[in-house]
Structure formats: C-alpha cells, structure tokens
Amino acid sequence: MNIEALISKAAGDAVKALYGMDATEKMLQLQKTRSEFEGNLTLVVFPFVKAAKKSPEQTAQEIGEYLQANCSAVEKFNVVKGFLNLSVGGGAWLELLKAIDADEHFGMKQATEDSPLVMIEYSSPNTNKPLHLGHVRKVVKTNIVNDRGIHICKSMLAWLKYGNGETPESSGKKGDHLIGDYYVAFDKHYREEVKELVAQGMDEEKAKQEAPLIKEAHEMLVKWEQNDPEVRALWEKMNNWVYAGFDETYKKLGVAFDKIYYESQTYLKGKAKVEEGLAKGLFERHEDNSVWADLTKEGLDQKLLLRSDGTSVYMTQDIGTAEMRFQDYPIDKMIYVVGNEQNYHFQVLSILLDRLGFKWGKELVHFSYGYRRRCRRSDAAHG
C-alpha cells in the first residue's frame, strides 16, 4: 500500500471512530499540499463537518490529532480553515523506498519492437558545486556534465587567488565540496568589488560588468577556449577533484550512466550549428560581434548564443549536445529532467532546434520539477 492510500484509509478510520460516519472513497481523496503551506498531502474536511457537528477548523483539528496518534505515516499536521495539511514522516518515505528497491520490476514496462526510444537527461551537475538531492533521479541513464563556462572559471580563479594550494587531501573535503567553496568565495569577493564601485559612483549594472574579478574570469574563459596550456591544466586538475567527489556520491547511491556527455566536448558542435544558422540568416550578429536569436515573433525576447569575444553559453552547448545524442542513439524523443527555474531555457532550446531544422526540436520534453535551491544551470544567464 502506498503512502497516500495508507493515509486515506486511516482518515476513513478517523471519521468512523470520531463521528460514526462511513466515508466514501470520493470523500477521502487527498491532494498535494499547496507550496505556500507546510505539508505533503491535504485532506479537505468539509464532507465531514455535518456529521461532526463542529466547525471545519475543529473537525480538521480532531482528524489531524487522530491521524498523528494512529497513522505511522503522519508525523505532524496543521489546519488552514477546512483543509488539513499532513506532513509525512521520514520513516514512511524510507519504508516506501525499501519497498520500491525490493520490487525488481518497479517502473518497468515491457517494450515492443515498435515502441519509441526515449532518452532522458538527468542529474546534470556543475563541476563547481557538490551533488545534492536535486541531482537524484531514478531513470535510464544519460548525463551531461557542465564542466566548462564562466561559472567554472569563477571557481578556478578563486582557487588561484585564495586557495593557497588547498587540495581535497589537505582540507579533508570531497573534491566537489571543496570546489563549491571556491565558487562561493568568488561570489563573496565579487559582490564586495561591485559594492565598492557603486560607492565610488558607478551604476550597479555597469559595476557588475566592470568588477576586476568578473573581467578576469571572462579572460580565463577566452584562454580556455583558445586551449591555453596553463588554464587547461588547472581546469583538468580541479575537475578531476570534482569527478572523484561525484563518483563517491554516485557510488553510494548506486547510480551509473549509459552515456556521459561533457559540455567541454559538445560546445564546439553547438558553436558550429550557430555559425551555420548565422550563415543562413537564422540568427544575427550585433555590432559588438555577439550572435543572437530574435525570438520576438514567438512572443519571447532575443537570446544570446555567442558572446562578443566568441565564447559560448549554455544554450550553445545544449544545441550541440542535442545533435550528438540523436546521432549517437536512434531515439525518438528527448526528455530533460531539470528544475523549473529553467522553463524558459528549454522553451527557447525547442524553438532554436526547430529553427535549425531538427525535426525533433518541437517535440523535446522538459520534465520540470520544483526545487528551492539553485540547481544545475544556476549560471545560465552567464553560460
């Protein structure tokens, strides 16, 4: 029995015990608790008010107290008018996961010869942040590692400036956590520089562009794309620390992948497609040499594809990665499991792929989920 069914049955028992009422299955339907309230599942108690001969709030309070005392899945509850919001305890989730793990056929459906082949991108970590729960998905098995870009250069630059040669061994930290610390350090010092420039009378937006740290990070990105040996050596060393940390976490979770793509390997293919689209008049080059896609006819704005210095952004590599995946596998559809803060990004990606002539562009699926922390593509605006 799943958690929802367990609580629904217990709610029926509560109504029977408290009010002598035999509640129907329709009366006992649970809803997902709204995001502004605490809880996992919500029971509407209005159908029981008449039998209880009490206010909706009192009825909800009594049913909640009964469930907390008699249903192992309910850890706590709160009442909002006639709505009983129930929080599921950690033990109940753990038991559910154990049951799923014990069922070797869970989530499996027998495919036929004419079944479409679907690829799902999930996990998709940055190499400047540790793995967290937002990267955990139980699916079949393609990953994109965002191992290049301005966000990676931020961590590299911060380590050079403030790291004093610190390593995972000397710090006792997993590599992904160590590099994540330097990403945070960059942001701290960058904000201080911006604040100082603003205090000197500079406009805040200009200060964000003129701060010495962000300029150095962009210079490092240009050198990286030009295969500067020192920058590439530092990048490889720090990324290897991160990969070791990722591997440790994935191993603990029992997670493996059929195919791992790396942005450092896919962005060039994306740049080539952008240049091809530019030559066909699908995109436009601005006076500062940057390349943009005009999406105003689709009701959106303009989207940066290549910076004025020629470096690529997330959108660039996503175009290249999508092309590579359809070349590597005979898939019929691509599903991206990425947080809902990237809804716009994937809306744009679908339009651009379609514009570039990929028949599957319009059919890509962004399986969006809510998560309160910034996840994989938190630097999407900067690439």
Side-chain angles (χ1 to χ4, degrees), residues 117-128 141-153 221-227 232 235-236 239 257-285 289-293 295 302-338 342 344-366 376-383:
L117 180 61
V118 177
M119 178 180 286
I120 301 177
E121 173 196 299
Y122 77 109
S123 187
S124 310
N126 278 327
T127 57
N128 63 344
K141 292 174 185 173
T142 305
N143 194 359
I144 175 70
V145 178
N146 293 273
D147 62 344
R148 61 150 299 281
I150 189 64
H151 54 300
I152 306 300
C153 291
L221 177 59
V222 172
K223 288 181 178 180
W224 185 93
E225 293 207 7
Q226 293 174 343
N227 289 308
R232 285 290 181 129
W235 171 75
E236 288 183 5
N239 268 0
F257 300 96
D258 296 321
K259 177 77 173 183
I260 299 179
Y261 293 91
Y262 295 88
E263 185 178 340
S264 57
Q265 298 169 358
T266 66
Y267 84 101
L268 287 175
K269 187 172 284 287
K271 288 182 75 171
K273 295 305 295 185
V274 170
E275 294 289 351
E276 180 183 312
L278 184 65
K280 293 179 179 178
L282 303 175
F283 309 132
E284 56 187 42
R285 190 181 298 277
N289 201 45
S290 59
V291 176
W292 297 73
L295 306 175
Q302 295 204 13
K303 178 63 182 176
L304 176 67
L305 300 179
L306 293 174
R307 298 187 187 89
S308 58
D309 58 15
T311 55
S312 60
V313 296
Y314 268 125
M315 190 63 70
T316 320
Q317 74 88 10
D318 270 351
I319 292 170
T321 306
E323 183 184 21
M324 288 182 69
R325 285 167 170 163
F326 279 85
Q327 289 174 344
D328 292 346
Y329 294 91
I331 55 178
D332 300 285
K333 182 172 288 189
M334 181 70 212
I335 298 175
Y336 296 83
V337 183
V338 183
Q342 293 303 319
Y344 170 80
H345 177 88
F346 286 101
Q347 183 183 4
V348 172
L349 178 61
S350 177
I351 293 170
L352 294 180
L353 290 173
D354 181 64
R355 186 179 293 187
L356 286 166
F358 297 114
K359 63 180 182 180
W360 33 264
K362 283 186 177 179
E363 297 178 356
L364 74 79
V365 176
H366 174 208
R376 166 196 161 192
R377 301 169 186 266
S378 56
D379 280 287
H382 301 293

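Predicted model, so just to flag it, every value in this text is computed and none were measured.
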How far does [atom1] of [X] sit from [atom2] of [Y], to the nearest 0.5 angstrom?
X	Y	atom1	atom2	answer
F326	F358	CZ	CZ	9.5 Å
S312	L304	OG	CG	10.0 Å
L221	Q226	CG	CD	10.0 Å
F283	L356	CZ	CG	4.0 Å
D258	N143	CG	CG	11.0 Å
N146	E263	CG	CD	5.0 Å

Could you tell me which non-hydrogen atom of [X] sits nearest to which non-hydrogen atom of [Y], and how far apart they are?
X	Y	result
K303	V348	CG-CG1, 3.9 Å
S350	L364	CA-CD2, 3.7 Å
V338	H366	O-NE2, 2.7 Å
G361	L353	CA-CB, 3.7 Å

**Prompt:** Out of Y262, Y261, W224, which residue meets the ring pair (Phe, Tyr, Trp, His ring centres under 6.0 Å) rule with Y267?
**Reply:**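 In the set Y262, Y261, W224, the residue that makes a ring pair (Phe, Tyr, Trp, His ring centres under 6.0 Å) with Y267 is W224.
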
Less than 4.5 Å apart, any side-chain heavy atom of [X] and any of [Y]?
X	Y	answer
R232	N227	yes
R325	I144	yes
Q265	M324	no

**Aromatic W292 / basic R285 pairing, under 6.0 angstrom, 45° off normal** =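 Not satisfied by the 6.0 Å and 45° rule.
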
**Item:** Distance-only donor-acceptor check, side chains D318 and Y336, under 3.5 Å
**Value:** no

**Asked** Yes or no on side chain to side chain contact (heavy atoms under 4.5 Å, CB included) for L352 and K273, after CA distance, side-chain angles and deciding distance?
**Response** CA-CA 10 Å; L352 294 180; K273 295 305 295 185; over 6 Å; no

**Prompt:** So, does S308 use its side chain to make a donor-acceptor pair with the main chain of N289 at under 3.5 Å?
**Reply:**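 No, the answer is negative, given that no donor and acceptor are paired below the 3.5 Å cut-off.
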
**Message:** Could you walk me through whether T311 and V222 satisfy the side chain to side chain contact (heavy atoms under 4.5 Å, CB included) test, starting with their C-alpha distance in whole Å, then the side-chain angles of each, then the deciding distance to 0.1 Å, before giving a yes or no?
**Reply:** CA-CA 7 Å; T311 55; V222 172; 4.0 Å; yes

**Fill in**
With K271 as partner, the option from L306, I319, T266 fulfilling side chain to side chain contact (heavy atoms under 4.5 Å, CB included) is L306

**Request:** Dump the intermediate steps for side chain to side chain contact (heavy atoms under 4.5 Å, CB included) on R148 and E225, then the final yes or no.
**Result:** CA-CA 9 Å; R148 61 150 299 281; E225 293 207 7; 3.0 Å; yes

**Request:** Assess the pair W360 and Y329: is the distance between their ring centroids shorter than 6.0 Å?
**Result:**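 No: the rings miss the under 6.0 Å criterion.
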
